[in-house]
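Working notes for the structure below.
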Amino acid sequence: MSRKIWVFDTTLRDGEQVPGAKLNLYEKLEVAHQLKKLKVDIIEAGFPASSEGDFNAVKEIAKQVGNTNDITITALARAVKADIDAVYHSVKHAENPLIHMVLGTSDIHVEKKFSKSKSQILDIGVEAVKYAKTLLPDIQYSTEDASRSDFEYLWSTIEAVVKAGATMINVPDTVGFAEPEQFGELIYKLNDRLKNLDDSVLLSVHCHNDLGMATANTLAAVKNGADKVECTINGIGERAGNAALEEVVMAINTRSDVFNVHTDIDAKEIMNTSRIVSSLMGLEVQVNKAITGDNAFAHSSGIHQDGLLKSRDAYEIIRPEDVGLDDMELVLTARSGRHAVKDALRKLGFSQLNEEQFESIFTEFIALADKKKEVYNHDLYVIVKNYFATNNIESVDVNNYADSFYELIDLQVISNTTFPSASVRMKKGTEEINSSAVGTGPIDALYTAILKVVDTDIKLLEYKISSVSRGKEALGKVKVIAEFNGVTYNANATDTDVIKASALAYVNVVNKIVVENLLPVK
Ligand code: KIV
Ligand code: ZN
């Protein structure tokens, strides 16, 4: 069996330090429950001395999430009695409570931040551990700014606090200054001495991402003996954030040939956790973010799509299902090649097209993709229908299918403080349908008006609008759940008008649902 790496999640403490990301008690509990599902070993639930709200949140997490033996709940204290007391009184309700305390070891911290001597700081740390040890058996000591500390002083501190009773030593790269090779060496040397001193003490790392190396530094530490990694979901945290849990875990899983270790994380819960954290904290995940970004499993280049359709391992190192996604996404854009378009048409039931027919349809596809950016299956149906109509090709199916889609003809939205309202003119096949609605805001009114026209019961889960092309165009993104089958669908649309981009994204998602439920070939 390979060596186990403990996963300590600090989304609710370091992650919550992101400006504007503060959560209320119920939101914190929701994240903590999800982290338990993800099977992290330790949750750092907050900094209880900072406010009564944080104290209560940590206490409730300890009671409601820490109520089983498979998880440890901790919270942060400075090396002062009042902070340690606050941590103790909030985490003590958990089955496995842990006190985490932090005190700097670099010259900058000792001399400039505390204006004290090294031996004074070391004594403060030792006394704090001794005090904490009277309250709980498990104590983690963090040597803040360890990566910029004098090695022998860092080691003297670790040796002294372990002798005083610390059971976990955390080595933070507080300012993201470390470099993987150097950091790996530091961990190797510390681990060697620590395991000789007391091999039951866990050696942990906590890396920040100021130079974009948090994950690399964490993994270098793992290679060099670290037993535990501190991470956050989506890599959120102070300044440029912390090592992202999903990146560290999936690197360990995917490159077991290099790391030869394992974690207990249930990787299938990664996407769920990422989405919950992102939506509750209001922190969007960068689209190209490794593992949890929207595009992490979306392939748009024609060369790649062709390769993937021949053999998935040509361009895929992680199966999307392994992190809780449905499947890889082949986005049809102007860059998609013939192979991807042919495959999409085949899945829609058009596998009998001859070369000449396909080439004409492909030309239309490219023209539309140039205008629309992303082409959906319902767009392909319409292209095929138009092609069949102009060439007098009989196909009852394609006419019926293409007549099932909705098209936005016009819209009007009024935004005001009393009754935001919207009216839409839409088309289904040849039939024109008008509708209007009021809502809690202009988008709510707009989506309610569209929903009145379409024959599908859907609930909006996510809506985003952002600018693209240096602000000239808006990108609308929606994610919905279809109530009749519980499946989630998402779609995008761009337009120079933000309201129209929002409406088109919603119509795209409705059509996506319609297509999936028409699909003749699976
Ligand atoms: O970055 C840091 O040093 C910390 C400590 C509290 C571990 O967040
Ligand atoms: Zn930190």
Side-chain angles (χ1 to χ4, degrees), residues 6-19 21 40-50 54 58 72-80 83-84 86-87 90-91 98-110 112-114 121 124-125 128-129 132 138-149 153-154 157-158 161 166-178 183 186-187 190 202-215 217-218 221 226-245 247-248 281 283:
W6 294 65
V7 177
F8 175 113
D9 182 277
T10 181
T11 304
L12 292 173
R13 198 276 299 166
D14 214 319
E16 219 209 17
Q17 286 169 211
V18 175
V40 304
D41 298 288
I42 305 173
I43 294 178
E44 184 167 48
F47 180 23
S50 67
D54 224 45
V58 175
T72 296
I73 307 295
T74 191
L76 184 65
R78 289 162 295 188
V80 294
D83 280 25
I84 295 170
V87 170
S90 54
V91 300
L98 167 77
I99 294 174
H100 176 199
M101 74 178 73
V102 61
L103 187 60
T105 46
S106 67
D107 290 357
I108 304 169
H109 279 238
V110 171
K112 298 193 179 146
K113 191 170 135 186
F114 298 117
I121 290 294
I124 292 172
V129 172
D138 293 327
I139 314 294
Q140 163 159 300
Y141 192 91
S142 280
T143 52
E144 193 180 13
D145 207 14
S147 54
R148 292 194 301 167
S149 300
Y153 177 66
L154 176 62
T157 304
I158 293 173
V161 297
T167 51
M168 289 180 198
I169 294 297
N170 184 38
V171 180
D173 177 28
T174 303
V175 289
F177 182 74
F183 196 62
L186 171 67
I187 296 304
L190 289 177
L202 289 188
L203 183 61
S204 164
V205 293
H206 173 110
C207 298
H208 277 272
N209 204 30
D210 299 68
L211 294 173
M213 294 194 281
T215 299
N217 285 328
T218 304
D227 305 293
K228 173 173 150 288
V229 291
E230 296 202 356
C231 304
T232 58
I233 302 298
N234 299 329
I236 61 169
E238 187 76 14
R239 304 181 312 281
N242 292 64
L245 182 148
E247 292 175 15
V248 173
M281 290 193 164
L283 298 173

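What's counted below: heavy atoms across the whole structure, side chains too, no hydrogens, waters or symmetry copies. In listed order, ligands and their atoms are each counted from 1. What you are looking at is a predicted structure, and each value in this text was computed from that prediction instead of being measured.
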Backbone N/O of [Y] and side chain of [X]: donor-acceptor pair under 3.5 Å:
{"X": "Asp41", "Y": "Val7", "answer": "yes"}
{"X": "Asp54", "Y": "Phe47", "answer": "yes"}
{"X": "Asp173", "Y": "Ala178", "answer": "yes"}
{"X": "Ser204", "Y": "Asn170", "answer": "no"}
{"X": "Thr74", "Y": "Glu44", "answer": "no"}
{"X": "Thr232", "Y": "Ile236", "answer": "yes"}

With atoms numbered from 1 as shown, which atoms in ligand 1 lie under 4.0 angstrom from a non-hydrogen atom of Asp14?
8 (O)
Provide the number and element of each atom of ligand 1 under 4.0 Å from a heavy atom of Glu144.
3 (O)
Under a 4.0 Å threshold between the charged nitrogen and the carboxylate oxygen, would Glu144 count as salt-bridged to Lys113?
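A salt bridge is present here (some side-chain N lies under 4.0 Å from a carboxylate O).
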Phe177 atom CZ, neighbour heavy-atom count above 12 within 6.0 Å
no
Under 4.0 Å, heavy-atom basis, I'd like to know which part of Asn170 is in contact with ligand 1: side chain, backbone, both or neither.
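Side chain only.
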For atom 8 (O) of ligand 1, state which one of Arg239, Glu238, Arg13, Glu44 supplies the nearest heavy atom.
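Among Arg239, Glu238, Arg13, Glu44, the closest heavy atom to atom 8 (O) of ligand 1 comes from Arg13.
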Closest N/O/S atom of Asp14 to the Zn ion (ligand 2), by atom name?
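This turns out to be OD2.
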Is any N or O atom of [X], backbone or side chain, closer than 3.5 Å to an N or O atom of ligand 1?
{"X": "Ser142", "result": "no"}
{"X": "Thr174", "result": "yes"}
{"X": "Asp145", "result": "no"}
{"X": "His206", "result": "yes"}

Considering only protein heavy atoms, which is closest to atom 1 (O) of ligand 1, and at what distance to one decimal place?
His208 NE2, 3.0 Å
To 10 degrees, how wide is the angle NE2 (His206) to the Zn ion (ligand 2) to NE2 (His208)?
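The two atoms form an angle at the metal of about 100°.
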